[in-house]
Amino acid sequence: MKNCFKVILLLISISLVLSCKNSGQKDKEVIADSSQKYGTLYEVKTDQSIIYWIGKAALTSHNGSVKIKTGSLEIDTYGQIKSGTFKIDMQSISNLDIADVKDKKKLEDHLKSVDFFAVDSFPEADFIITKVQYISDSLGNHLITGDLTIKGKVNEINIKANVISSGNTVMVTVPEFTIDRTLWNINYNSSKILDLIKDKLISDEVKISMKILAARK
């Protein structure tokens, strides 16, 4: 009888130990999931961030920059982007390769006009990250999908980015990628829209690259 009682006590003890162990494991899993649910917000340092562009015509090409007005990134515990939003100051469009002051201003004014970006009516462009995949190739460690709004028109784009997190800062480098300007109703001298002689045509492709520095808020 005593032996039976000892066996019962032993079984009860083992059951309690296993129950506590499983409970501890579940708690760890919950904590791990919770740590990935939210990231840390980083604010874009607009004075140290820049977007570069290249546009081509039949006989020439020009390059320049445009500034980020505001922006923020959500970064997880592994230094990877979870989400982000940016406002781009379209009134800051500038040319970087024309030495003559008058010619430089002429091009910048034309780009800001209704022929191109109509900055008086649409002073800002927006980019909102909608999806992020973590990759590893020669161009970056993130494949970012987002909605780019220019002149009130929204189109989805995919870009690769190399993200380096160090302490309280994150550096995002986006290598050159291409967008089709006509998708945002920027149709001036496009071969898709007008039947023009070759010398007057402007390429529909605009090449873009970026360098973005963000700091923990």
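Every value quoted in this text rests on a predicted model; they were computed, and no experiment measured them.
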If we ignore hydrogens and angles and just use 3.5 Å, is the side chain of [X] paired with the main-chain N or O of [Y] as donor and acceptor?
X	Y	result
Lys151	Asn185	yes
Ser121	Ala118	no
Ser94	Gly64	no
Glu74	Gly39	yes

task = Answer yes or no: does atom CD of Glu205 have more than 12 heavy-atom neighbours from other residues, nucleotides or ligands under 6.0 Å?
result = no
Considering only Ile, Leu, Val, Met, Phe, Trp and Tyr, and joining two whenever side-chain heavy atoms are under 4.5 Å apart, list the other residues clustered with [X].
X	answer
Ile54	none
Val154	none
Leu139	none
Ile50	Tyr52, Leu96

request  = Would you sort out whether Glu156 and Thr145 count as a side-chain contact (heavy atoms from CB on, under 4.5 Å), showing the intermediate values?
outcome  = CA-CA 7 Å; Glu156 184 178 88; Thr145 301; 3.5 Å; yes
Which atom of [X] lies closest to which atom of [Y], heavy atoms considered:
X	Y	result
Tyr134	Asp76	OH-OD2, 4.1 Å
Val174	Ala161	CG2-CB, 4.0 Å
Ile68	Ser49	CD1-CB, 4.2 Å
Trp184	Ile179	CZ3-CB, 3.9 Å
Ser165	Val170	OG-CG2, 3.9 Å

key: Candidate list Leu183, Thr178, Leu148, test side-chain contact (heavy atoms from CB on, under 4.5 Å), partner Ile157, passing option   = Leu148
In chain order, what residues pass the salt bridge (charged side-chain N to carboxylate O under 4.0 Å, His left out) check against [X], with sequence neighbours excluded?
X	value
Lys105	Asp109
Asp137	Lys160
Asp89	none

Could you grab the distance from atom [atom1] of [X] to atom [atom2] of [Y], nearest 0.5 Å is fine?
X	Y	atom1	atom2	value
Leu59	Leu201	CG	CG	10.0 Å
Ile88	Thr46	CD1	OG1	13.0 Å
Lys131	Leu143	NZ	CG	8.0 Å
Ile150	Phe116	CD1	CZ	13.0 Å
Met90	Leu111	CE	CG	9.0 Å
Asn141	Ile81	CG	CD1	8.5 Å

Heavy-atom side-chain contact between [X] and [Y] under 4.5 Å:
X	Y	result
Ile51	Phe127	no
Pro123	Gln91	yes
Phe86	Leu73	yes
Asn155	Asp147	no

Using side-chain contact (heavy atoms from CB on, under 4.5 Å) as the criterion, list what pairs up with [X], not counting sequence neighbours.
X	result
Ser61	Lys56
Lys87	Lys69, Thr70, Glu124, Asp126
Asp120	none
Ile128	Thr85

inquiry  = Between Arg181 and Asp204, does any side-chain N to carboxylate O distance fall below 4.0 Å?
reply    =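 Result for this pair is yes, salt bridge flagged.
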key: Pair Lys112 + Glu108, salt bridge at N-O below 4.0 Å   =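 No.
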Which donor-acceptor pairs under 3.5 Å do side chains of residues 210-217 form with protein atoms, sequence neighbours excluded?
unit_1 : atom_1 : unit_2 : atom_2 : d
Arg216 : NE     : Asn168 : OD1    : 3.0
Arg216 : NH2    : Tyr42  : OH     : 3.4

inquiry  = Tell me whether Ile93 shares a hydrophobic cluster with Leu107, the cluster being built from Ile, Leu, Val, Met, Phe, Trp, Tyr side chains joined at under 4.5 Å.
reply    = yes
query = Linking I/L/V/M/F/W/Y whenever any side-chain heavy atoms sit under 4.5 Å apart, do Ile75 and Met171 land together?
reply = no
request  = Apply side-chain contact (heavy atoms from CB on, under 4.5 Å) to His142 and Gln80, showing your working.
outcome  = CA-CA 8 Å; His142 285 57; Gln80 297 172 329; 3.6 Å; yes
Would you check if there is a donor-acceptor pair between the side chains of [Y] and [X] at a distance under 3.5 Å?
X	Y	result
Thr182	Ser190	no
Asp115	His110	yes
Asp97	Asn95	yes

